[in-house]
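All figures in this text were calculated on a predicted structure; none of them were measured in a lab. Values reported hereafter were calculated over all heavy atoms of this structure, with side chains retained and with hydrogens, waters and symmetry mates removed.
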Amino acid sequence: MSPPVRATIGDRAAAPSALPPPTAGGLTWRPWTRADVPALAELLRAVQEADGRDWFTSAAGLEEVFDAPVFDAAADTLVGLDADGTMLAHTWVERYPTDGVSLLRASVFGGVHPSRRGEGIGTELLAWGTGRARQALAASGTDARLAGLPGRIAAHLEDSDPAERRGLLRAGGLEPIRYYANLRRDLSAPVPAIGLEPPLRLVPWSDALDDATRLARNDAFRDHWGSQPRTPESWRAFRSHFAPQWSFLVVDESVEYEGSEREQPGDATVAPGTPYVVGLHQAERYEHVWETQGYTSGHTGLLGVRRAYRGRRIAAALLTHAMNVYAADGMQYAELGVDTDNPTGAPALYARLGYAKRTGSTMYAIEI
């Protein structure tokens, strides 16, 4: 007997044919524009502050949204304004490149100013956002290579967010499926010395190795839950807080690319003779929240090791080197985020190096 035929993502997404804007609250709705960035940043700060957070989305981070590899402000965003033109609510559906993926994804973000909560605006915004996400996933199904893939619509909540937000997401069909921890390490405590044995060598982050580093990242995260390969465009996006002076690589000096190689279909080629990147530490600097958090810090945005090179202390060497550089630059703490079910044993490594949980978050999702 033949196996059952899986419905296409277009059928499974159950996308609405039209998306009228919310009616609750009597606001006027329109898409975001790049000129909105300063006012959007003010709105997001008010929302995030009311939610109990001590970190905020920067204007630079919002500016980058308009340059994302997959973005259409007219289709993917809404902002709600009162009669005076003041921004009081927003939503954005993030879409992702589909080259080489095994999962089709969309993420929903949004918020309502604390002065306008309790009017049903958030409920209608979530319905609009998940509807738009369904449309985006269904549209992917027009490509025969993608039509049979699973889909996921996700939203994230911080542990500090109001409890009623969880009920709102569940009422909108999203359920908690994954948990994350934000960790912090006091840099006044001694940092262990962890070296590497030849032919492994730690080197500064380099533009010349950018694509080789991307390929190393894709291999390192291939067995991580939900992770999808980065395209050249998505790899270079969202770098407004990237700190190259705190970022480092490990190369294997006994190996180099022998020709113009691709590690998966659609990859850019890596030039012959390029050093073989086997580990990476990509750091970020969120100076705009140091005052509200009450301390300075260096943040590890990405830490990865090629699967064939695990067990050789590469991650520990990268992380401890970064911690020493943070401290030398006057930072008080090192920070990073981790999936609590990370398959590589990363949470145990971080605990051994002195990291402890500061906050956490949960992914809620609709699986399609």
Side-chain angles (χ1 to χ4, degrees), residues 13-59 61-63 65-66 71-95 106-137 152-176 361-366:
S17 58
L19 277 178
T23 58
L27 302 179
T28 299
W29 298 91
R30 61 166 175 79
W32 295 7
T33 70
R34 196 180 288 268
D36 291 332
V37 165
L40 280 169
E42 289 185 15
L43 171 60
L44 265 67
R45 173 151 186 164
V47 169
Q48 292 162 345
E49 193 170 54
D51 289 346
R53 304 183 192 181
D54 59 8
W55 57 266
F56 312 104
T57 303
S58 69
L62 287 169
E63 185 80 32
V65 171
F66 289 87
F71 179 70
D72 180 353
D76 300 334
T77 68
L78 278 181
V79 62
L81 305 96
D82 67 9
D84 295 327
T86 302
M87 294 184 183
L88 294 169
H90 77 96
T91 191
W92 162 45
V93 176
E94 183 174 13
R95 297 181 288 132
S107 296
V108 180
F109 303 89
V112 179
H113 192 278
S115 67
R116 300 301 300 269
R117 292 181 179 177
E119 300 179 37
I121 300 171
T123 298
E124 292 192 14
L125 267 186
L126 178 63
W128 187 94
T130 55
R132 172 58 193 145
R134 288 181 183 276
Q135 288 181 337
L137 295 182
R152 176 179 299 136
I153 299 170
H156 288 264
L157 284 188
E158 297 294 318
D159 288 354
S160 60
D161 285 345
E164 56 267 24
R165 195 76 50 77
R166 289 155 178 77
L168 184 149
L169 289 180
R170 283 187 139 144
L174 294 95
E175 293 293 332
S361 63
T362 302
M363 176 191 284
Y364 285 71
I366 299 171

Check this for me, if you would: do Asp72 and Arg95 make a salt bridge, where the nitrogen-to-carboxylate-oxygen distance has to be below 4.0 angstrom? no
Any ion pair linking Arg170 and Glu175 (charged N to carboxylate O, less than 4.0 Å)? yes
Listed by chain and number, what are the salt bridge (Lys or Arg N to Asp or Glu O under 4.0 Å) partners of Asp159, not counting sequence neighbours? Lys357
Does [X] reach the main-chain N or O of [Y] with its side chain, forming a donor-acceptor pair under 3.5 Å?
X      : Y      : value
Ser107 : Ala155 : no
Arg165 : Leu157 : no
Gln135 : Pro16  : yes
Trp29  : Pro22  : yes

Pairs meeting criterion salt bridge (Lys or Arg N to Asp or Glu O under 4.0 Å) with involvement of [range], two or more places apart:
range            : value
residues 41-50   : none
residues 121-135 : Asp76-Arg132
residues 106-116 : Arg116-Glu119

Val93/Ile153 under side chain to side chain contact (heavy atoms under 4.5 Å, CB included): CA gap, chis, key distance, verdict: CA-CA 9 Å; Val93 176; Ile153 299 170; over 6 Å; no
Side chain to side chain contact (heavy atoms under 4.5 Å, CB included) between Thr77 and Phe71, worked out: CA-CA 9 Å; Thr77 68; Phe71 179 70; 3.7 Å; yes
Counterpart residues, side-chain contact (heavy atoms from CB on, under 4.5 Å), relative to Ser58 (two or more places apart): Ala60, His241, His288
Distance-only donor-acceptor pairs under 3.5 Å for side chains of residues 79-86, two or more places apart:
| from | atom 1 | to | atom 2 | distance (Å) |
| --- | --- | --- | --- | --- |
| Asp82 | OD1 | Asp84 | N | 2.9 |
| Asp82 | OD1 | Gly85 | N | 3.1 |
| Asp82 | OD1 | Thr86 | N | 2.9 |

